[in-house]
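What follows is a set of notes on a single structure, which appears directly below.
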Amino acid sequence: MKSPFSRRPVAILSRWKPQLLLGVLLVLLDFTLHAEMQPLHYEQLAPAPKPRKKIGKMLGADISFLPQLEARGITFSDKGQTKDAIEILKDHGFNYIRLRIFNNPAADSGYSPQKGFCDLAHTQQMAKRIKKAGLKFLLDFHYSDTWADPQKQFKPEAWKDLHGAQLTQAVHDYTRDVLLSLKAQGTSPDMVQVGNEINHGMLWPDGDIHSADSVARLDNLAELLKAGVAAVRETIPKSLIMMHIALGGQNEQSVYWLDNMQKRGVTFDVIGESYYPQWHRTIPDLQRNLTDLAKRYPQDVVVVEYSERKREVNDVAFNIPNNKGLGTFIWEPLNTWEQIFDKQGKANDLLMVYDEVSKKFRIK
């Protein structure tokens, strides 16, 4: 049987009365104008998953403490020559710098009361130095006034009474505004973390997924993450997006988290893991986990925090199957744990490890 929709449109329209045709056209025009006048909420801009990009190798360092150290009068030197710490790292093969950012660290209960280190202004200044040195830049949103990690994910004071759609909109708008500020000065991040060590969720209690009734909040966490991801896609679409969990050697928990977020529509480009032996098991456990994640998911993988066992961690991170191991970011090497400078800012022998690593894995 021939479908009635196979008739030519002209033949059908020719039988319509002119008044009817005019009415239809007016309705369509009104709909078009109305649609154009309505502001788009970020949820209407659902970002499609991006195809896997060709991503270069990363030998990175989180040096967010640098402005605080410099404010104390510490200078950095290598082989007797005083230089910007960023330039010294570059000399030894580092090609990426990671910075954390807090919403209002100058608050009394914040990360840096009154002084405001790791706020937007300090981040803008550091971003200029990173880009001037010719290095790439990873921005780490904590979505808190102070430290956020698996043991604590405190809401910013300004958001304490926000829940549901208001809270997700706040995540989106804050992320967008920070990124627009960095973009305006020509220092857009090359990669963005939407949350820091968020395997137990973020912005507690709304996005808390580590308590007894945590399953009920998986949807909440996914909505918060999608709000942050949407802001990145809208403002700096060429930048990579990382999801950062602190489960370096814990495969079952890593898979649980990633499966639950991806089936809820959270899109991203890079899986970031923290690895500290006292919490995240052994080097073989790290290798098994990262190998499985690389085979199981389309995203690339990076160890975005570590300090000890420098050679072993880098050997694992750069030898993941299918060239999906991007590399590593050492956490605060200027002054914390197994630091690569002494208390006076002089480079020590541990810095030489990175000459070996950068040469071995051909870091550019």
Spacing of Ser274 atom OG and Leu247 atom CG [to the nearest 0.5 Å]:
8.5 Å

Is it true that Asp355 and Arg311 make a salt bridge, defined as a side-chain N closer than 4.0 Å to a carboxylate O?
no

Does Val304 share a hydrophobic cluster with Ile55, counting links as ILVMFWY side-chain heavy atoms below 4.5 Å and allowing steps through other members?
yes

Are His142 and Phe102 an aromatic pair by the rule of ring centers under 6.0 Å?
yes

Does the side chain of Thr175 reach to within under 4.5 Å of the side chain of Val171, using non-hydrogen atoms?
yes

N/O donor-acceptor pairs under 3.5 Å from side chains in residues 56-65, not counting sequence neighbours:
| from | atom 1 | to | atom 2 | distance (Å) |
| --- | --- | --- | --- | --- |
| Lys57 | NZ | Phe361 | O | 2.9 |
| Asp62 | OD1 | Ser64 | N | 3.1 |
| Asp62 | OD1 | Ser64 | OG | 2.8 |
| Asp62 | OD1 | Arg100 | NH1 | 3.4 |
| Asp62 | OD2 | Arg98 | NH1 | 2.9 |
| Ser64 | OG | Arg100 | N | 2.9 |

When rounded to the nearest 0.5 Å, the distance separating CG of Asn196 from CE of Met242 is 10.5 Å

In terms of hydrophobic clustering (I, L, V, M, F, W, Y; side-chain heavy atoms under 4.5 Å; direct or indirect links), are Met243 and Trp331 co-clustered?
yes

Salt-bridge present (Asp78, Lys83; N to O < 4.0 Å)
no

Go through the steps to decide whether Asp342 and Lys346 satisfy the test salt bridge (Lys or Arg N to Asp or Glu O under 4.0 Å), and finish with yes or no.
CA-CA 5 Å; Asp342 66 20; Lys346 296 179 181 178; 5.7 Å; no

Will you find, in the side chains of Ser144 and Gln153, an N or O donor that is under 3.5 Å from an N or O acceptor?
no

Would you indicate whether the side-chain heavy atoms of Glu356 and His92 approach each other to under 4.5 Å?
no

Please confirm whether the ring centroid of Tyr276 lies under 6.0 Å from the ring centroid of Trp337.
yes

Could you measure the distance from the OG atom of Ser239 to the CZ atom of Arg233? Nearest 0.5 Å is fine.
9.5 Å

Tell me whether Lys226 contacts the main-chain N or O of Arg264 through its side chain, where contact means a donor paired with an acceptor under 3.5 Å.
yes

Charged N-O contact under 4.0 Å between Asp206 and Lys155:
yes

May I ask you to decide if the ring planes of His210 and His200 are parallel, tilted or perpendicular, using 30° and 60° as cut-offs?
parallel

Side chains of Gln185 and Gln125, donor plus acceptor under 3.5 Å:
no

Salt bridge check: are Glu234 and Arg176 linked by an N-O gap of less than 4.0 Å?
no

Is there a donor in the side chain of Asp108 and an acceptor in the side chain of Gln114, or the other way round, less than 3.5 Å apart?
yes

Step by step, work out the ring pair (Phe, Tyr, Trp, His ring centres under 6.0 Å) result for Phe117 and Tyr111.
CA-CA 8 Å; Phe117 287 109; Tyr111 162 81; 7.9 Å; no

Is Arg281 salt-bridged to Glu252, cutoff N-O under 4.0 Å?
no

Under a 3.5 Å threshold, yes or no: a donor from one side chain and an acceptor from the other, between Asn314 and Tyr306?
yes

Taken to the nearest 0.5 Å, the spacing of Trp257 CH2 from Ile245 CD1 works out to 6.0 Å

When you check the gap from the basic side-chain N to the acidic O, do Lys295 and Asp292 get nearer than 4.0 Å?
no

Ring pair (Phe, Tyr, Trp, His ring centres under 6.0 Å) between Phe329 and Tyr96, worked out
CA-CA 8 Å; Phe329 286 76; Tyr96 242 105; 5.5 Å; yes

Side chains of Tyr143 and Leu224: does their closest heavy-atom pair fall under 4.5 Å?
no

Asp190 and Lys131 ion-paired at < 4.0 Å:
yes

To the nearest 0.5 Å, what is the distance between CD1 (Ile320) and CG (Asn289)?
9.0 Å

Hydrophobic clusters here meaning ILVMFWY residues chained together by side-chain heavy-atom distances under 4.5 Å, can you tell me if Leu99 and Val303 are in one?
yes

Is it the case that the side chains of Tyr275 and Asp285 hold a donor-acceptor pair, with the cut-off being a distance below 3.5 Å and no angle test?
no

Distance check, rounded to the nearest 0.5 Å: Lys360 atom NZ versus Phe318 atom CZ?
10.5 Å

Check whether any side-chain N or O of Lys90 sits under 3.5 Å from a backbone N or O of Leu135 as a donor-acceptor pair, and report yes or no.
no

Would you indicate whether the side-chain heavy atoms of Ser109 and Thr146 approach each other to under 4.5 Å?
no

